[in-house]
Asker: 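Pasting a structure below so you can have a look.
Everything quoted here is computed from the prediction, not taken from an experiment.
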Protein chains: 2
Amino acid sequence: MKTEIAEILKRNQLSVTDSRTSILELFRSSKSALAHADIEKKTSEQFDRVTIYRTLQTFVEKGIVHTIPTADNSVLYALCKDNCSQGHHHDNHVHFICDDCGVTYCLEHISIPNVQVPEGFITKQTDLVMSGQCDKCNA
Amino acid sequence: MKTEIAEILKRNQLSVTDSRTSILELFRSSKSALAHADIEKKTSEQFDRVTIYRTLQTFVEKGIVHTIPTADNSVLYALCKDNCSQGHHHDNHVHFICDDCGVTYCLEHISIPNVQVPEGFITKQTDLVMSGQCDKCNA
DNA sequence: AACACTTTGCAACTTTGTTGCAAAATAAAC
DNA sequence: GTTTATTTTGCAACAAAGTTGCAAAGTGTT
Ligand SMILES: [Mn+2]
Ligand SMILES: [Mn+2]
Ligand SMILES: [Zn+2]
Ligand SMILES: [Zn+2]
């Protein structure tokens, strides 16, 4: 729904533009996390690289998407499904990257367990990323 | 000890060279994880960028150092203290990155808890990275 | 429709990482 | 210790990834 996407943008005090609409639409229709390069390809090179960088940055700031750290050091982005807001993410779920098909899953219903840290340490964020084989590739 | 470092290299079937010796020495004398750029600076630009890339890659392959994924997408490297071997890492510990001083700690004695994955998924690796304030910065 | 404000695309640039190859260094053989 | 075979290094050239300034285009408001 086009209007629904515009709603999300407006709710976050963002003006409704082609690039933002298309990229947000892409995220919503995609089952897995996306890398910058994926977005570039899947929008059929419709937007400038710089615009995509800036759009993703804005979305992360607004709490519309969150980033996923990976072992091979590529940045991945996925929709926030929890109620994240401006500068305040709380996507406390586990991520799984399939080594075979490369798909990254947000395991929304699996939350990151509490981890005890040494005296004096204060934890602000915890990322838990697993990798291996997904159910589709594990034939 | 110079000889000790040479020993480690030989044990891993690596020829003893200046760059490998210096970089390994640097890791052993450093309490925190190092980024490529750190190594470049701390060896006072003694070695070519390419050599550092190749040395790190070799060390990771041999199980001498392991990588740490980070939220801001920079690769960090730290000494393996467990008995990792050629192509078989088992550094099952938590990492902590201080947002204030930037230091990354290997919390060797805190192991990553088991996490249940959905039916059909097979986990091969789990990374758990926390960030916040370390004991030194939490005055 | 006119205006103020925001976003975009382009160009130019920096930073990061990769590859091929000849010269230098290391390890093994003599 | 010298010669030889093998590995490693540095350089150059390149590719990919990310950043910045700025004019032109687009958006939202009156
Ligand atoms: Mn997620
Ligand atoms: Mn570690
Ligand atoms: Zn898969
Ligand atoms: Zn600190």
Asker: Whether the side chain of N138(A) engages the backbone of D135(A) through a donor-acceptor N/O pair (distance < 3.5 Å, no angle test) should be reported.
Answerer: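 No; zero donor-acceptor contacts below 3.5 Å.
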
Asker: Specify the separation, in whole Å, of atom CG of D72(A) and atom C1' of dA16(D).
Answerer: 14 Å

Asker: Name the closest nucleotide to the V50(B) side chain, picking from dT26(C), dA12(D), dT8(C).
Answerer: dA12(D)

Asker: Check every atom of dG17(C), dT7(C), dA17(D) against the side chain of V75(B) and return the nucleotide holding the closest atom.
Answerer: dG17(C)

Asker: dA24(C) P sits how many Å from F47(B) CZ, rounded?
Answerer: 18 Å

Asker: Using whole Å, report how far CD of Q13(A) lies from C1' of dG28(D).
Answerer: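 Rounding to the nearest Å, CD of Q13(A) and C1' of dG28(D) are 14 Å apart.
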
Asker: Kindly point out which of dT9(D), dT26(C), dT7(C) is positioned nearest to the side chain of S19(B)?
Answerer: dT9(D)

Asker: For the pair made of CG in L9(B) and P in dT8(D), what is the distance, rounded to whole Å?
Answerer: 11 Å

Asker: Nearest-Å distance, CG (D48(A)) to C1' (dG18(D))?
Answerer: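 Going from CG in D48(A) over to C1' in dG18(D) covers 12 Å.
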
Asker: Between S15(A) and dT7(C), is there a contact of a side-chain N or O with OP1 or OP2 at under 4.0 Å?
Answerer: yes

Asker: Checking only heavy atoms, does the side chain of R49(B) share a donor-acceptor pair with the base of dG17(C) at less than 3.5 Å?
Answerer: yes

Asker: Side-chain donor-acceptor pair under 3.5 Å between D127(B) and Q125(B), yes or no?
Answerer: yes

Asker: From the list dG10(D), dT16(C), dG18(D), which nucleotide is the closest neighbour of the side chain of T51(B)?
Answerer: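 Among the listed nucleotides, the one closest to the side chain of T51(B) is dG10(D).
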
Asker: If you check every side-chain atom of L14(A), which of dT9(D), dG9(C), dT7(C) has the closest atom?
Answerer: dT7(C)

Asker: Among dG17(C), dT8(C), dG28(D), which nucleotide sits nearest the side chain of T55(A)?
Answerer: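 Given the options dG17(C), dT8(C), dG28(D), the side chain of T55(A) is closest to dT8(C).
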
Asker: Measuring centre to centre across the rings, with the benzene-like ring taken for any Trp, is F27(B) within less than 6.0 Å of Y77(B)?
Answerer: no

Asker: Once you round it to whole Å, what is the distance between P of dC13(C) and OH of Y53(A)?
Answerer: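 Y53(A) atom OH is separated from dC13(C) atom P by 19 Å.
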
Asker: Could you walk me through whether L128(A) and H95(A) pass the side-chain contact (heavy atoms from CB on, under 4.5 Å) test, one step at a time?
Answerer: CA-CA 6 Å; L128(A) 199 158; H95(A) 291 109; over 6 Å; no

Asker: Pick the nucleotide of DNA chain D nearest each of H36(A) and R54(A); which residue has the one closer to the 5' end?
Answerer: H36(A)

